[in-house]
Chemist: 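Got a structure for you, questions after.
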Amino acid sequence: MSLPSPLLDKTSDRAMSRRSFLRGTAAFGGLTALAASLSPLRELSDFTSTDQFLQKYYKELTPDDMTKVIKRIEGDVQRQYGIRPHVRDLKPMDGVEFVYCLNLTRCIGCRKCVHACVAENNQSRNPEIQYIRVLKLPHGSLDLEKADHTYAPESVPEKGFFYMPVQCQQCKNPPCVKVCPVNATWQESDGITVIDYDWCIGCRYCEAACPYFARRFNFAQPEIPKDKINPDMAYLGNRPRKMGVMEKCHFCIQRTRVGRYPACLEVCPVGARKFGNILDPESEVSYILREKRVFIQLKEEIGTSPRFFYYFDK
Amino acid sequence: MDHRAPPPAGSSDRRTNLWLAGLTIGFLAMTALFLSDGRSHAAPKPGIPPVDAKFLETTPWRQTYTDLVKAKEDLSDYDCYSCHEKNKPPPIRFDANHKILIPKEHKNIVMGHGSHDRNDLCYNCHNEQNLVTFQVRDGRELKFDNLPPLCGSCHGPTYRDWEAGAHGRTGGFWDRSKGEAQRLSCANCHDPHAPHIPTRPPAPGPHPLHAVDAAPAQPNSAP
């Protein structure tokens, strides 16, 4: 029965009440927070098309589906980089199993292979993604703990050191394939372990499982200068990746599956890199494994059985 | 009940209204700021300079006689008898330490074939009887465009590996049914007078993902 206080009276009539002010502020703040939380969507404009979102698993794609997928990828690349690529879905060849041999006596650590690989495989320039890491090791040891990969002397090779480039070893028994929860990475019949970039969920289990630090993750949107795009692309190979997926060396599928040598081999100035079909007894790699002092598969004691062999001359 | 004195009417109202107006304008300003430039800014990425195109080149750094013939380039350097006389082998001169003296006409030649002076003799390979050919130790005479057997006469295992494709750079096609592999001759990579491959600056190493304050340490630089 008490009379409304003059203060309440005043505020309810003329000014805003405390409650409605708080309610208004909360509503406004809530809306702002919602908008802020949705703001990343504005950057997604041409990120995931419906076609890409609904795309089936690589192994379930019919040839017709594949044609459509390739068209979609070509369109995406053209929109993003202004260049019409030639994307192919290359299948493994019959009677071919690839093996890589690297001559540690010859390697001078010039890192040309690293950059030829980046250019060939449309790897992000910033943040930098490189499939090959060249380790500098002191003579007389193979202790990877002593390896230095940031060496920058005036000239190479340096006295007292040897150089060991490490990239995906294309294991016969690949731990990365075993841990993938969605089968987005698998081993093909020619020995290349491939990744379906559209199926990868970016969990990075494979990166953790790989004993060779061969897999790279796209933490950010890859950045490739438009004039540096290599238009000769393969679905499982060097087509541009997106943020949040894994990638790694695939023995240059777009080259090797049409009979060419990988880019890192062609650029090697000292001929330290040898590549070929191990099932062909006449091939260079067969000759090397038969005749040369092939001394390691890297970390062979862990049973991954790499298809990448390091050897010495003499 | 209400013991508080009613606030002086006009001034309190005005203050409340001013506060509310101020807050509203503040929120509106923040909204405008968010809408105009709302995305969260990551720390600026460290700039990574593009790699020098010379590191991507796949051509060998030397041209052999065969390459010059193919490219129809000037072969006058190989025309020995434009200066030398036929049937008169040019003599080799030595200094006091039995090191070979290179005549000034051949100043571009640096001798450094192996570690022993006996390897730095012109007529180990060149044929003094016919300067436009090579001579192999076993008496064979080879033309300028047929170098590998000459080198192979001393470097047997290397020659064997080269023939099998295991020594030397390659390129082109591993699958010979699809195309040709690029084969290079000894002199495409090795200077026959000083065959050791010279050292060179390495291509830039990996950059760290995040900007670092201090320059990356460079341990084990050349002693």
Side-chain angles (χ1 to χ4, degrees), chain A residues 2 5-7 10 14-16 21 28 32 35-36 39 42-43 108-112 114-116 119 125-128 130 133 136 148-161 219 225 256 258-261 265-271 274-277 283-284 287-288 292 314, chain B residues 1-2 4 6-7 9 13 16-17 20 23 27 30-31 34 38-40 42 45-48 50-51 55-58 60-61 157 161 164-175 177-179 181-182 189 197 199-207 209 216-223:
Chain A
S2 64
S5 87
L7 182 69
K10 255 190 219 161
R14 298 187 222 151
M16 198 182 274
F21 169 69
F28 188 79
T32 315
S39 78
R42 290 189 301 168
E43 288 162 36
I108 58 171
C110 68
R111 292 208 189 97
K112 277 183 83 175
V114 176
H115 296 282
R125 309 301 205 275
N126 191 7
E128 203 171 51
Q130 296 175 342
R133 204 45 80 100
K136 181 175 101 170
D148 171 20
H149 61 197
T150 57
Y151 62 89
E154 284 201 353
S155 64
V156 285
E158 293 169 88
K159 277 217 161 64
F161 295 97
F219 280 100
T256 50
V258 294
R260 293 172 67 201
Y261 279 115
L265 183 146
E266 268 192 354
V267 83
C268 180
V270 292
K274 296 290 161 192
F275 175 86
N277 178 10
S283 68
E284 295 108 296
Y287 172 85
I288 289 166
K292 304 297 281 188
K314 296 178 186 119
Chain B
M1 259 172 82
D2 198 349
R4 278 176 292 174
D13 279 359
T16 317
N17 285 340
L20 288 180
L23 276 176
F27 272 117
M30 279 162 67
T31 314
F34 162 68
R39 55 192 72 185
S40 55
K45 281 190 278 185
I48 297 179
V51 69
F55 292 119
L56 307 178
E57 269 169 27
T58 54
W61 65 81
D161 288 349
H167 176 99
R169 31 185 328 184
T170 37
F173 288 80
W174 64 264
D175 187 348
S177 66
K178 297 234 164 64
Q182 175 201 11
C189 301
I197 290 181
T199 60
R200 76 208 45 217
H207 292 81
L209 273 180
Q218 287 167 14
N220 307 329
S221 53

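Chain identifiers are assigned alphabetically (A, B, ...) following the order of the sequence lines, protein sequences preceding nucleic acid strands; residue numbering begins at 1 within each chain.
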Chemist: For B:Pro204, does its backbone N or O pair with a side-chain atom of A:His115 as donor and acceptor, under 3.5 Å?
Modeler: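 Side chain of A:His115 to backbone of B:Pro204, a donor-acceptor pair under 3.5 Å: yes, one is there.
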Chemist: Out of B:Leu23, B:Ile197, B:Leu20, which one racks up the most heavy-atom pairs below 4.5 Å with chain A?
Modeler: B:Leu20
Chemist: If every non-hydrogen atom of A:Tyr261 is compared with every non-hydrogen atom of B:Ala181, which pair is closest and at what distance?
Modeler: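 Nearest heavy atoms, A:Tyr261 then B:Ala181: CE1-CB, 4.3 Å.
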Chemist: Given a strict heavy-atom distance threshold of 4.5 Å, which part of B:Pro206 is in contact with chain A: side chain, backbone, both, or neither?
Modeler: both
Chemist: Who among A:Pro269, A:Ala116, A:Ala36, A:Cys110 has the most heavy-atom pairs with chain B under 4.5 Å?
Modeler: A:Pro269
Chemist: Just so I understand: if I count every heavy-atom pair under 4.5 Å between each of A:Gly276, A:Cys268, A:Ser283 and chain B, which residue has the most?
Modeler: A:Cys268
Chemist: Which distance, rounded to the nearest 0.5 Å, do you find between the CZ of A:Arg125 and the NE2 of B:His207?
Modeler: 13.0 Å
Chemist: How long is the gap from OG1 on B:Thr16 to CZ on A:Phe21, to the nearest 0.5 Å?
Modeler: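 Reported value, rounded in 0.5 Å steps: 10.5 Å.
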Chemist: Please give me the minimum heavy-atom distance between A:Gly109 and B:Pro202, naming the atom from each residue.
Modeler: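 Nearest heavy atoms, A:Gly109 then B:Pro202: O-CB, 4.0 Å.
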Chemist: Tell me the closest heavy-atom pair linking B:Thr31 and A:Phe28, and the distance in Å.
Modeler: OG1-CZ, 3.3 Å
Chemist: Counting only non-hydrogen atoms closer than 4.5 Å, does A:Val114 touch chain B with its backbone (N, CA, C, O), its side chain (CB onward), both, or neither?
Modeler: neither
Chemist: Output yes when a side-chain donor or acceptor of A:Lys112 lies under 3.5 Å from a complementary backbone atom of B:Thr58, and no otherwise.
Modeler: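 Such a contact is absent between A:Lys112 side chain and B:Thr58 backbone.
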Chemist: Closer than 3.5 angstrom, by distance alone: can the side chain of B:Trp174 be matched with the main-chain N or O of A:Thr256 as a donor-acceptor pair?
Modeler: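 Yes; at least one donor-acceptor contact below 3.5 Å.
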Chemist: May I ask you to name which of A:Glu284, A:Glu154, A:Arg260 has the most heavy-atom pairs under 4.5 Å with chain B?
Modeler: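 Most pairs with chain B among the choices: A:Arg260.
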Chemist: Would you check, one step at a time, whether the test side-chain contact (heavy atoms from CB on, under 4.5 Å) holds for A:Tyr287 with B:Asp161?
Modeler: CA-CA 9 Å; A:Tyr287 172 85; B:Asp161 288 349; 2.6 Å; yes
Chemist: Would you give the length of the straight line joining atom NZ of A:Lys274 to atom NE2 of B:His167, rounded to the nearest 0.5 angstrom?
Modeler: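 Rounded to the nearest 0.5 Å, the NZ-NE2 separation comes out at 8.5 Å.
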Chemist: When you measure from the side chain of A:Glu266 to the backbone N and O of B:Gly172, does any donor-acceptor pair fall under 3.5 Å?
Modeler: yes
Chemist: Apply side-chain contact (heavy atoms from CB on, under 4.5 Å) to residues A:Leu265 and B:Thr170 and explain how you reach the verdict.
Modeler: CA-CA 7 Å; A:Leu265 183 146; B:Thr170 37; 3.5 Å; yes
Chemist: Non-hydrogen atoms of chain B under 4.5 Å away: do they reach the side chain of A:Gln130, the backbone, both or neither?
Modeler: side chain
Chemist: Report which part of B:Leu56 has an atom under 4.5 Å of a heavy atom belonging to chain A: side chain, backbone, both, or neither.
Modeler: both
Chemist: How close do B:Gly47 and A:Asn126 get, counting heavy atoms only, and between which atoms?
Modeler: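 That would be CA-ND2, 4.4 Å.
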